[in-house]
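Just below is one structure, and these are the notes that go with it.
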Amino acid sequence: MTTLDRRLHAFREDLAERGLEGQVTAQRFTDGTPARIAVPVVGLRPRPDATVGIDTELLFGEDVTVLDRAEGWCWIKARSDNYVGYLPESAVSDKGPGPTHIVTVQRTFLYREPELRKPYNDILSMGSRVAVAGTAEARGNHYVTLEDGTAIFAKHVQPIGALDGEDYVDIAARFVETPYLWGGRSGLGIDCSGLVQLSMLMTGRAAPRDTDMQAAGLGAPIAREELRRGDLVFWKGHVAIMEDAETILHATGHTMTVVRENFEEAVQRIGWLYEQPNGYRRPIM
């Protein structure tokens, strides 16, 4: 019998997602209810316990399906990559208009009003989704405004669906010196597979969340001799992006940042402590 991955399939003894009916045993099944992330960034945990490390993160405006609510926690499934986990109930909302635009810079400020000299409310990461209600101009600067009157610099967002055709390697390079964060998936902190996934998301392409998922099914396998820009190099539990034939981009615990590094030197350094690369893949461009 195939063991279902708890990261991608929602099932417990008392409750499971409707799509697993007939595959798992549960007291009841649910379709869940739609909701969106209502905070700038929130960690998704394998169980409802704030002391447990995060598996991944979700960004403002991303769609989720809420499967259960209990004791201040929501059990959810992310719409973008099907990741399952728990997050605080305060981090989701089922109200408000659907998002129209996506943040395209590494980080941007959400101002209380369209004026850069005024205080800001939050910092939004690349990949955050917002519902633009209007536009405004102040001191020669252009902003988009949201339903509550808050504002974002207009050049920092694009309409959702207008991202196709960009080079995901260029986007990944913007994250150089961003802090490394286990499970991170934002411009505030990111891990190796999060860098791959978010960079591809910003070109309109889907990618699995974790390294093992990417190594198993993202694009097609290639030989080491074939490596070129945009290809992926995998180690056990780690992934890097080829920027060119000699250079990689990756989020690494070695420096606790996203770095640009010579590929052969990285292979040698990593090999001293861990292992040699165990796979190479070329994403479908």
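All residue numbers in this chain count up from 1 along the given sequence. Please read these numbers as outputs of a predicted model, since none were measured by experiment.
Expressed to the nearest 0.5 Å, how far OH of Tyr120 lies from CG of Leu110 amounts to 11.0 Å. In this structure, the separation between CD1 on Ile190 and CZ on Arg185 is 8.5 Å, given to the nearest 0.5 Å.
The only member of Met242, Arg224, His250 that meets side chain to side chain contact (heavy atoms under 4.5 Å, CB included) when paired with Val233 is Met242.
The backbone N or O of Arg117 sits less than 3.5 Å from a side-chain atom of Glu115, completing a donor-acceptor pair. Although no hydrogens or angles enter the test, the distance criterion places a donor-acceptor pair under 3.5 Å between the side chain of Arg229 and the main chain of Glu243. At least one donor-acceptor pair closer than 3.5 Å links the side chain of Lys77 to the backbone N or O of Leu8.
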Validation: residues 28-35 side-chain donor-acceptor distances under 3.5 Å, sequence neighbours left out:
| residue | atom | partner | partner atom | Å |
| --- | --- | --- | --- | --- |
| Thr30 | OG1 | Gly32 | N | 2.9 |
| Asp31 | OD1 | Arg18 | NE | 3.3 |

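The closest side-chain heavy-atom distance from Arg36 to Glu62 is not below 4.5 Å.
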* **Intermediate values then yes/no, side chain to side chain donor-acceptor pair (under 3.5 Å), Ser125 and Arg107** => CA-CA 5 Å; Ser125 166; Arg107 294 175 292 272; over 6 Å; no

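A cation-pi contact links Arg12 to Trp75, judged by a cut-off of 6.0 Å to the six-membered ring centre and 45° from its axis.
Ala215 is linked by a side chain to side chain contact (heavy atoms under 4.5 Å, CB included) to Phe234, counting only residues two or more places apart in sequence or in another chain.
Between Trp235 and His238, the two ring planes are tilted [angle within 30° to 60°].
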